[in-house]
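The structure presented is a predicted model; accordingly, all values stated were derived computationally and were not measured.
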Amino acid sequence: MSLVKLTIKGISYSQTQNGAYALILNEVDGDRKLPIVIGAFEAQSIAIALEKEIKPPRPLTHDLFKNFADRFDIAIKQVIIHKLVDGVFYSSIICERDKIEEIIDARTSDAIALALRFNAPIFTYKNILDKAGIYLKGNKLEPETETDEMEEILTGQDLFKTEESNKSGDAYIKHSLSELLELLEGAVQNEDYEKAAKIRDEISKRENT
């Protein structure tokens, strides 16, 4: 299976799910977006890694991992989002020490937070992007105010849900497939990536049954 390289497009606060965020990954050689719902802590950690000028007074968990890895000459070579099951993305961290490669299972949000700190590339398989990617015609949609989004993230939230809880839920069960497709188009046009991800997962689940 061929790998597709991804970059981080931005982080958007969920308008419907308190304390949740949508991490938007962008296909490097295409226009598709891959939205992944993550929690507030992970969103904050990713945002801090993206904003190079922001330095927390004490190391966050992912910073601590980076310091630990550096001390013992462990390098992260790449991150691969390798599986999607019921709306949950599974990832692997490819590490190397003394020219010996190891593969470590990780939550996607943690894997990406670490990839940023190690300047490691992020990949997914083409079949996952074909299944879960959202195509934006003409690539017209851009984050409205990335700075504001980062500030929102850095304020933190008391409640959050991780990408493991990114299920389609009951909200869209009663909708027909054609209605779901219409709702998906509307969510994309409104840049509501978190909602779009949930609708996409419900469509994917029905197509696999």
Side-chain angles (χ1 to χ4, degrees), residues 3-14 17-28 33-52 54-97 101-125 128-129 132-133 149-150 152-167 193-194 197-198 201:
L3 288 172
V4 179
K5 190 173 183 179
L6 303 170
T7 58
I8 296 177
K9 179 71 172 177
I11 303 174
S12 176
Y13 182 69
S14 170
Q17 192 168 300
N18 184 37
Y21 295 81
L23 171 65
I24 314 301
L25 301 176
N26 190 77
E27 181 183 15
V28 170
K33 307 292 186 290
L34 190 65
I36 300 173
V37 177
I38 63 175
F41 173 79
E42 294 82 1
Q44 182 186 52
S45 181
I46 291 170
I48 287 175
L50 288 170
E51 294 288 329
K52 304 296 184 183
I54 299 176
K55 299 292 183 184
R58 301 292 293 165
L60 300 177
T61 302
H62 299 109
D63 298 318
L64 178 61
F65 185 96
K66 173 67 163 58
N67 295 338
F68 181 89
D70 288 344
R71 184 67 61 88
F72 292 95
D73 294 323
I74 301 170
I76 290 180
K77 309 302 292 185
Q78 61 182 359
V79 162
I80 301 176
I81 303 171
H82 64 85
K83 186 168 66 173
L84 172 62
V85 179
D86 293 335
V88 180
F89 292 90
Y90 295 80
S91 294
S92 296
I93 300 174
I94 314 302
C95 302
E96 185 178 271
R97 181 173 185 266
E101 188 175 275
E102 298 286 348
I103 301 175
I104 300 175
D105 180 54
R107 297 187 308 164
T108 297
S109 55
D110 289 329
I112 291 174
L114 290 172
L116 286 170
R117 287 163 171 80
F118 283 85
N119 294 317
I122 303 166
F123 296 93
T124 191
Y125 288 109
I128 292 178
L129 194 58
E149 287 172 357
M150 293 301 178
E152 272 189 334
I153 291 163
L154 294 174
T155 60
Q157 297 287 332
D158 294 330
L159 301 174
F160 64 93
K161 297 182 180 179
T162 63
E163 70 268 17
E164 279 79 356
S165 65
N166 177 25
K167 307 293 185 181
Y193 292 109
E194 186 261 346
K198 289 183 176 296
D201 294 339

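With values rounded to the nearest 0.5 angstrom, Leu6 atom CG is found 11.0 Å from Ile80 atom CD1. Separating the CG atom in Leu3 from the CD1 atom in Ile128 is a distance of 9.5 Å, to the nearest 0.5 Å. Distance check, rounded to the nearest 0.5 Å: NE2 of His62 to CG of Asp110 gives 3.5 Å. With rounding to the nearest 0.5 angstrom, the CG atom of Asn26 is 5.5 Å from the NZ atom of Lys9. Note that OG of Ser109 and CD1 of Ile46 are 6.0 Å apart. Values are rounded to the nearest 0.5 Å. To the nearest 0.5 Å, atoms CD (Glu42) and CG (Leu60) are separated by 11.0 Å.
Under the 3.5 Å distance criterion, the side-chain polar atoms of Thr108 are matched with a main-chain donor or acceptor of Phe89.
Across Ala47 and Ile11, no two heavy atoms sit closer than the pair N-CD1, 4.0 Å. Heavy-atom minimum distance, Leu34 versus Gly133: CD1-N, 4.0 Å. Closest heavy-atom contact between Asp105 and Ser91: OD1-O, 3.3 Å. Nearest heavy atom pair, residue Val79 against residue Ala111, reads CG2-O, 3.4 Å.
Listed by first then second residue, pairs satisfying side chain to side chain donor-acceptor pair (under 3.5 Å) with a partner in residues 69-79 read Lys66-Asp70, not counting sequence neighbours.
A search for side chain to side chain donor-acceptor pair (under 3.5 Å) contacts involving His82 returns Ser92, not counting sequence neighbours. Residues passing the side-chain contact (heavy atoms from CB on, under 4.5 Å) test with Thr61 are Phe41, sequence neighbours excluded.
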All N/O donor-acceptor pairs, side-chain side in residues 112-124, below 3.5 Å, sequence neighbours left out:
residue: Arg117; atom: NE; partner: Asp63; partner atom: OD1; Å: 2.6
residue: Arg117; atom: NH1; partner: Ser45; partner atom: O; Å: 3.4
residue: Arg117; atom: NH1; partner: Ser45; partner atom: OG; Å: 3.4
residue: Arg117; atom: NH1; partner: Ala113; partner atom: O; Å: 2.9
residue: Arg117; atom: NH2; partner: Ser45; partner atom: O; Å: 3.1
residue: Arg117; atom: NH2; partner: Ser45; partner atom: OG; Å: 3.1
residue: Arg117; atom: NH2; partner: Asp63; partner atom: OD1; Å: 3.4
residue: Thr124; atom: OG1; partner: Ile81; partner atom: O; Å: 2.9

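Between Ile8 and Leu25 there is a side-chain heavy-atom pair separated by less than 4.5 Å.
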